[in-house]
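Convention: sequence-line order gives letters A, B, ...; per-chain numbering from 1.
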2 protein chains.
Amino acid sequence: MRADARRNRDKILEAARDAVAERGADAPMELIARRAGVGVGTLYRRFPDRSVLLDALAEQYVHELLDSLDRAVAAEPGAWAAVRAFVVHTVDKGRGAIAAALAGTTAPQARQALVLRLDELVRQAQAAGAMRSDVGVDDLMELLSVFACHPGVIPDRFLPLMLDGLEKRSLEKAARKA
Amino acid sequence: MRADARRNRDKILEAARDAVAERGADAPMELIARRAGVGVGTLYRRFPDRSVLLDALAEQYVHELLDSLDRAVAAEPGAWAAVRAFVVHTVDKGRGAIAAALAGTTAPQARQALVLRLDELVRQAQAAGAMRSDVGVDDLMELLSVFACHPGVIPDRFLPLMLDGLEKRSLEKAARKA
DNA sequence: TCCTAAGCGGAATGTAGGCTTCCGGTTCTA
DNA sequence: TAGAACCGGAAGCCTACATTCCGCTTAGGA
């Protein structure tokens with residue numbers, strides 16, 4: 001693969017990510033091409049159809065989430081803190097719409113890895129008594145999707161509330177204050 | 001207006017409500033007509049363009065919400081209980097997508113009435129110390145929209161959590177248990 | 001019962017937005 | 001410097017809708 005071709009491939013992937021985040025999984029191919037500063041022809045040569053592009057995107061994204069999760073685990077003192085940090089970071093980055101758009105559809109094996117890793121962490125947090133135990137990974141994944149679909153005011157206002165709801169200690173803390 | 005014409009008008013409104021709930025504000029006119037068991041021509045004679053139909057829908061819906069709110073106030077013992085019941089009922093009925101789709105767009109005066117009424121109730125609940133005071137009507141309306149957009153598992157799992165988060169007493173209750 | 005204005009259905013038309021292909025020109029790189 | 005790999009984007013095709021139009025049907029008053 002020629003150097004310029006690889007460069008274009010990367011630009012396309014980046015543009016696609018933005019476009020999909022904004023307009024959903026059926027963002028126009030032409031829009032993606034324009035944003036990448038590339039002709040549609042180039043886009044189609046590299047990704048013969050939309051699903052190929054989407055797959056590539058999903059895989060890339062899930063890997064980033066995995067990295068982000070690892071970083072959270074390394075940086076935070078406990079399992080619950082790591083979960084919390086991961087959720088906040090993911091929602092903040094605001095690219096979650098991709099995850100939402102692609103949720104069940106693509107890159108199932110990569111997604112699975114993420115889910116397993118997160119599940120492990122959730123169980124730890126719950127075992128440590130730091131997190132409500134009537135909520136599971138699947139709930140968390142859905143939560144991410146929802147917040148991802150409503151960028152802006154919704155996450156800002158409700159994410160902390162939601163996280164408080166998931167945390168056990170905060171309940172005690174709040175009550176102690178009252 | 002002839003009797004059959006009125007009958008059709010009602011059928012159209014009902015079909016439109018379903019269609020908009022499922023497919024958003026730009027649900028195909030033809031779909032609406034088919035569901036109403038009516039030709040497109042009939043639809044267009046009654047509602048010259050989409051916006052007229054949407055307005056009628058929004059007005060009808062907001063009035064229902066107002067009724068529902070009044071009923072909740074009459075049936076429940078306190079302001080917070082009424083707010084809670086209203087939210088649950090609205091999300092359950094699952095037609096909230098209409099509200100979401102139409103949110104800022106239409107029937108502003110009717111919507112305003114609902115917001116005022118709900119605001120009053122929220123303030124009461126907060127004054128009585130039953131509800132978190134860092135959340136307002138606007139937040140509540142947005143919350144409704146979000147849950148409305150994600151029918152199914154999301155509301156089922158998270159609405160109670162969210163409501164717990166909004167309630168003050170539940171915090172104390174939970175802590176007491178722990 | 002009969003008449004006719006009010007209604008009705010749905011084919012036909014017009015339009016917009018997108019997908020994909022194709023090919024003449026351009027750019028790497030061996 | 002040859003030529004294989006690449007590029008851009010115009011062109012054609014297609015799907016999905018909105019909206020109009022008109023010949024047929026029907027409610028409901030005289």
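At a threshold of 4.0 angstrom between heavy atoms, the contacts of Arg50(A) are confined to the sugar-phosphate backbone, with no base atom among them. No contact: Ala33(B) has no heavy atom under 4.0 Å from any strand. Among the heavy atoms of the strands lying under 4.0 Å from Asn8(A) are primed sugar atoms or P, OP1, OP2 only; no base atom is included.
Distance CD1 (Ile12(A)) to C1' (dC6(D)): 12 Å, rounded to an integer number of Å. Atom-to-atom, CG of Asp26(A) to P of dC19(C) comes out at 8 Å; the value is rounded to the nearest Å. When the C1' atom of dA4(D) is taken as reference, atom CG of Asp4(A) falls 12 Å away, rounded to whole Å. Separating the NZ atom of Lys11(A) from the P atom of dG8(D) is a distance of 7 Å, rounded to the nearest angstrom. Separating the CE atom of Met29(A) from the C1' atom of dC14(D) is a distance of 16 Å, rounded to the nearest angstrom. The interatomic distance linking Leu43(B) (CG) with dC17(D) (P) rounds to 15 Å, in whole Å. Atom CZ of Arg6(B) and atom P of dG28(D) are 12 Å apart (whole Å). When the P atom of dT29(C) is taken as reference, atom CE of Met1(A) falls 11 Å away, rounded to whole Å.
Side-chain N or O atoms of Asp139(B) include one that pairs as donor or acceptor with a backbone N or O of Gly136(B) at under 3.5 Å. Of the possible donor and acceptor atoms, one in the side chain of Gln126(A) sits under 3.5 Å from a partner among the backbone N and O of Val135(A).
Where Arg46(A) and Ala27(B) meet DNA chain D, the nucleotide closest to each residue was compared, and Arg46(A) sits on the side nearer the 5' end. The nearest heavy atom of DNA chain D to Thr42(A) and to Gly41(B) marks one nucleotide each, and the one closer to the 5' end goes with Thr42(A). The nearest heavy atom of DNA chain C to Tyr44(A) and to Gly37(B) marks one nucleotide each, and the one closer to the 5' end goes with Gly37(B).
By the 6.0 Å contact criterion, CZ on Arg35(A) is enclosed, its count of non-hydrogen atoms from other residues, nucleotides or ligands being greater than 12.
Considering only the side chain of Pro28(B), dC17(D) comes nearest among dG9(D), dC17(D), dC6(D). The side chain of Val40(A) lies closest to dT20(C) when the candidates are dA18(D), dC8(C), dT20(C). With dT27(C), dA18(D), dA5(C) as the choices, the nucleotide that has an atom nearest any side-chain atom of Arg2(A) turns out to be dT27(C).
Listed pair Arg45(A) / dC7(D) meets the phosphate criterion, a side-chain N or O lying under 4.0 Å from OP1 or OP2. Between dG17(C) and Arg23(A), no contact under 4.0 Å exists linking OP1 or OP2 to a side-chain N or O.
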Before you tell me yes or no, could you show the steps for Asp49(A) and Val52(A) under side-chain contact (heavy atoms from CB on, under 4.5 Å), namely the whole-Å CA-CA distance, both residues' side-chain angles and the distance that decides it to 0.1 Å? CA-CA 6 Å; Asp49(A) 64 50; Val52(A) 175; 3.8 Å; yes
For Leu166(A) and Arg84(A), what are the C-alpha separation, side-chain angles and deciding distance, and is it a side-chain contact (heavy atoms from CB on, under 4.5 Å)? CA-CA 9 Å; Leu166(A) 290 178; Arg84(A) 181 165 189 132; over 6 Å; no
